[in-house]
Amino acid sequence: MARRIEDYGLIGNMLSAALVGKDGSIDWLCLPRFDSPACFAALLGTSDNGRWKIAPVGKTETSRRYLPDTAILETRFETATGVVTLTDFMPINEGDRHADLIRIVTGISGIVDMEMELVLRFENGQAVPWVRRKDYGLSAIAGPNAVELHTDLKLKGRNMKTCARFSVAAGDAVPLTMSYHPSNDQPHFVRDRLEELDRATTWWREWVKHGSFEDMPEAWRAPVVRSLITLKMLIYAPTGGIVAAPTTSLPEKIGGTRNWDYRYCWLRDSALTLYALLNSGYRQEAEDWRKWLLRAVAGAPEQLQIMYGIAGERWLPEFEASWLKGYEGSVPVRIGNAAAGQVQIDVYGELIDTLNAARDAELQPQEEAWRLQKVLLAHLVTAWQTPDRGIWEVRGPPRAFTHSRMMAWVAFDRAVICTERYGLEGPVAKWREVRKQIYDEICSKGFDEKKNSFVQYYGGDTLDASLLLMPQVGFLSAEDPRVIGTIAAVERELLQGGLVMRYSTNETDDGIRGGEGAFLACSFWLSDAYVLTGRRQDAQKLFDRLLGLRNDLGLLAEEFDTVGRRLLGNFPQAFSHIGLINTAHNLVSTGGPARQRAEKTAPSKPHKVSPPAVQSSPKPQLR
């Protein structure tokens, strides 16, 4: 049985990522890409579905940390006979066909008896590979996939598993490398593991140096940096696409059916992602994300999708992995995401808002970006009135969702601004006409006088946390009484344990049975709304509360169970960490991302800071 979601840490190499439990077990890993079938799937089943565990024999006291300003995870095991650390990381290599996972057991004091169990199960936890002994360890092949285990340990095969027992004394280091390659390729050279550790440490710390945090209070710098490192780990380096999470089917309620595959790239995240990267000083990542967007959405405007694969793939068929029991019995386990075929009108606004912000920030201009925008707007002139599934991808009936219509307004608003600010050519009179038409309709049909609030969809009286973005996108000013009323209604009806629900699953027919936890990104949006409306004390109080929900490594999932006091949903969640980054900038600057977006001004171009020089620690003796 898998551990609690918050008991996992993340390691990655911008190709894929692994979840490492406090017990030293890697229970989730997809190779060679984020969206490849898993070879370790114990997270969603049992140990027989694949894992790699290294841990002391017997009882231990466990603590862990990331090496400062890196994605290198160190777990410390204290036993009755001594202390060891387990260092886990994935080296950052060029190319996209090979990936390594390195684990180093280091003796700190005394002598500790250790055990290792490697269970490889390709094709999402079901395919047992053909395993052969090698002078360097072992080779495992299953169809197109091959893994080499490089180790000096004496390995034994037992019940379709590879095991080893060994002892580690103070000053010793026992390195192991699992390297992946396509089975039709030759295994690649595996470099010295301690040199790789130094190289990875330096790489991450140099990357952090490119950020800008000079205005960040010390108490907030560490959470922001950890969120940025996590976001960086979720970037697929060959294309610049950013996955929503590296996992699938971690439930939004334990035992429930709201289990989705998040190993893809959502357009709804695009504008907030760009602001988070630019305000933190990471222009190259922002530029790579913009380029990915342009490639992914190229084509007929009526075929614009809400999400794409990490290389821009459009076909993301959904099926159920019936052989996996699900995280704590939460089924079905879904591979793929059928929501890719939904109509969601808001994505037009998200995309055009992102391209507008990129233009304002003077990212590399491309004429085709403006041509694409004009083609999308020509389609949106009539398509904005289409009932859709909304930002939350409901599987119930299509509706006239207020947020969707608002983002259609954003699309035309940003187009008008581009013509005024940059002299770009387009049918601006028509765009102004449609912009006003949408605005008038939302104010007429999307506002409930009795509630003194905007509502989730026309004709309904339920609330939606996405309406908190109304002042942030500049639809209405933060001082507008209707905005104040909407915030008050969200506080009254969607707060649960001080955190924000996306909407009431009891009142909205979203096509899925059961409830869910509080959606963390929405809670950050409420803090942002407080900032814009001058309630800075409330904003900071909520932000500090949200920081307290991170696990011991600083990671956040998609949701939080306010009753069970635990993280829920796919983990770690890019949207949650993007919310953390943007809200921190909003709190430390009068011109943070929320204000920039509301006023349609360029994202910040922060100055670089000069962090202290990186120091290497002495190398232990290899065994």
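All figures in this text were calculated on a predicted structure; none of them were measured in a lab.
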From [atom1] ([X]) to [atom2] ([Y]), nearest 0.5 Å:
X: Asp561; Y: Gln496; atom1: CG; atom2: CD; value: 8.0 Å
X: Asn93; Y: His98; atom1: CG; atom2: NE2; value: 10.0 Å
X: Asp100; Y: Arg191; atom1: CG; atom2: CZ; value: 8.5 Å
X: Glu320; Y: Ser249; atom1: CD; atom2: OG; value: 9.0 Å
X: Phe189; Y: His150; atom1: CZ; atom2: NE2; value: 9.5 Å
X: Arg65; Y: Thr75; atom1: CZ; atom2: OG1; value: 11.0 Å

So, does [X] use its side chain to make a donor-acceptor pair with the main chain of [Y] at under 3.5 Å?
X: Glu117; Y: Thr162; value: no
X: Gln344; Y: Trp392; value: no
X: Thr248; Y: Tyr262; value: no
X: Asp27; Y: Leu43; value: no
X: Asp288; Y: Gly240; value: no
X: Glu559; Y: Gly517; value: yes
X: Thr151; Y: Gly137; value: no
X: Asn337; Y: Glu318; value: no
X: Arg268; Y: Met307; value: no
X: Ser16; Y: Cys30; value: yes

Exercise for review: With sequence neighbours excluded, give me every side-chain hydrogen bond (donor to acceptor under 3.5 Å, both in side chains) pair touching residues 233-247.
Suggested key: Thr247-Asn570
Would you say that more than 12 heavy atoms from the other residues, nucleotides or ligands in this model lie under 6.0 Å from the [atom1] of [X], or not?
X: Trp130; atom1: CH2; result: no
X: Lys325; atom1: NZ; result: no
X: Lys253; atom1: NZ; result: no

Under a 4.0 Å N-O cut-off, is there an ion pair linking [X] with [Y]?
X: Glu285; Y: Lys232; result: yes
X: Glu313; Y: Arg295; result: no
X: Arg199; Y: Glu196; result: yes
X: Asp7; Y: Lys22; result: yes
X: Glu78; Y: Arg76; result: yes
X: Glu328; Y: Arg566; result: yes

Residue pair [X] / [Y], side-chain donor-acceptor N/O under 3.5 Å:
X: Asn145; Y: Tyr180; value: yes
X: Glu148; Y: His181; value: yes
X: His577; Y: Ser227; value: yes
X: Arg193; Y: Thr177; value: yes

[X] to [Y] - nearest heavy-atom pair and separation:
X: Phe34; Y: Met233; answer: CZ-O, 3.2 Å
X: Ala276; Y: Ile578; answer: CB-CG2, 4.1 Å
X: Asn259; Y: Pro332; answer: ND2-O, 3.1 Å
X: Ala164; Y: Leu155; answer: CB-CD2, 4.1 Å
X: Ala146; Y: Ser183; answer: CB-CA, 3.8 Å
X: Leu324; Y: Leu44; answer: CB-O, 3.5 Å

Practice item. Check step by step if side-chain contact (heavy atoms from CB on, under 4.5 Å) holds for Tyr327 and Ile5. Key: CA-CA 9 Å; Tyr327 179 85; Ile5 291 171; 3.6 Å; yes
**Study point:** Full working for salt bridge (charged side-chain N to carboxylate O under 4.0 Å, His left out) between Asp69 and Arg221
**Key:** CA-CA 11 Å; Asp69 290 349; Arg221 182 192 183 278; 3.8 Å; yes
Practice item. Could you check Ile26, Leu31, Val190 and say which one makes a side-chain contact (heavy atoms from CB on, under 4.5 Å) with Met178? Key: Leu31
Review point. How would you list, by chain and number, every residue that makes a ring-ring contact (aromatic ring centres under 6.0 Å, His included) with Trp204, sequence neighbours excluded?
Key: none
Practice item. Would you sort out whether Arg314 and Gln305 count as a side-chain contact (heavy atoms from CB on, under 4.5 Å), showing the intermediate values? Key: CA-CA 8 Å; Arg314 293 170 176 261; Gln305 296 187 182; 3.3 Å; yes
Check your understanding: Is the cationic atom of Arg258 (NZ for Lys, CZ for Arg) positioned less than 6.0 Å from the six-membered ring centroid of Trp260 and within 45 degrees of its normal?
Key -> no
Practice item. Establish, yes or no, whether the cationic atom of Arg121 lies under 6.0 Å from the six-membered ring centre of Phe40 and within 45° of the ring axis. Key: no
Exercise for review: Check step by step if side-chain contact (heavy atoms from CB on, under 4.5 Å) holds for Glu393 and Arg395.
Suggested key: CA-CA 6 Å; Glu393 300 163 12; Arg395 299 194 176 192; over 6 Å; no
For a 4.5 angstrom cut-off between non-hydrogen side-chain atoms, does [X] reach [Y]?
X: His188; Y: Ser179; value: yes
X: Val243; Y: Tyr264; value: no
X: Glu6; Y: Arg565; value: no

Exercise for review: Step by step, work out the salt bridge (charged side-chain N to carboxylate O under 4.0 Å, His left out) result for Arg165 and Asp113.
Suggested key: CA-CA 7 Å; Arg165 294 195 64 155; Asp113 292 330; 5.5 Å; no
Tabulate below the donor-acceptor pairs under 3.5 Å that side-chain atoms of residues 79-90 make, not counting sequence neighbours, or state none.
unit_1 : atom_1 : unit_2 : atom_2 : d
Thr79  : OG1    : Thr81  : N      : 3.2
Thr79  : OG1    : Thr81  : OG1    : 3.3
Thr79  : OG1    : Gly82  : N      : 3.1
Thr79  : OG1    : Gly82  : O      : 2.9
Thr81  : OG1    : Ile111 : O      : 2.6
Asp88  : OD1    : Arg103 : NE     : 2.6
Asp88  : OD2    : Arg103 : NH2    : 3.3

Practice item. For Trp266 and Phe575, run ring-ring contact (aromatic ring centres under 6.0 Å, His included): C-alpha distance rounded to whole Å, both residues' side-chain angles, the deciding distance at 0.1 Å, then the answer. Key: CA-CA 10 Å; Trp266 266 256; Phe575 216 23; 9.5 Å; no
Check your understanding: What's the verdict on side-chain contact (heavy atoms from CB on, under 4.5 Å) for Asn13 and Leu101, showing C-alpha distance, side-chain angles and the deciding distance?
Key -> CA-CA 9 Å; Asn13 63 351; Leu101 197 164; over 6 Å; no
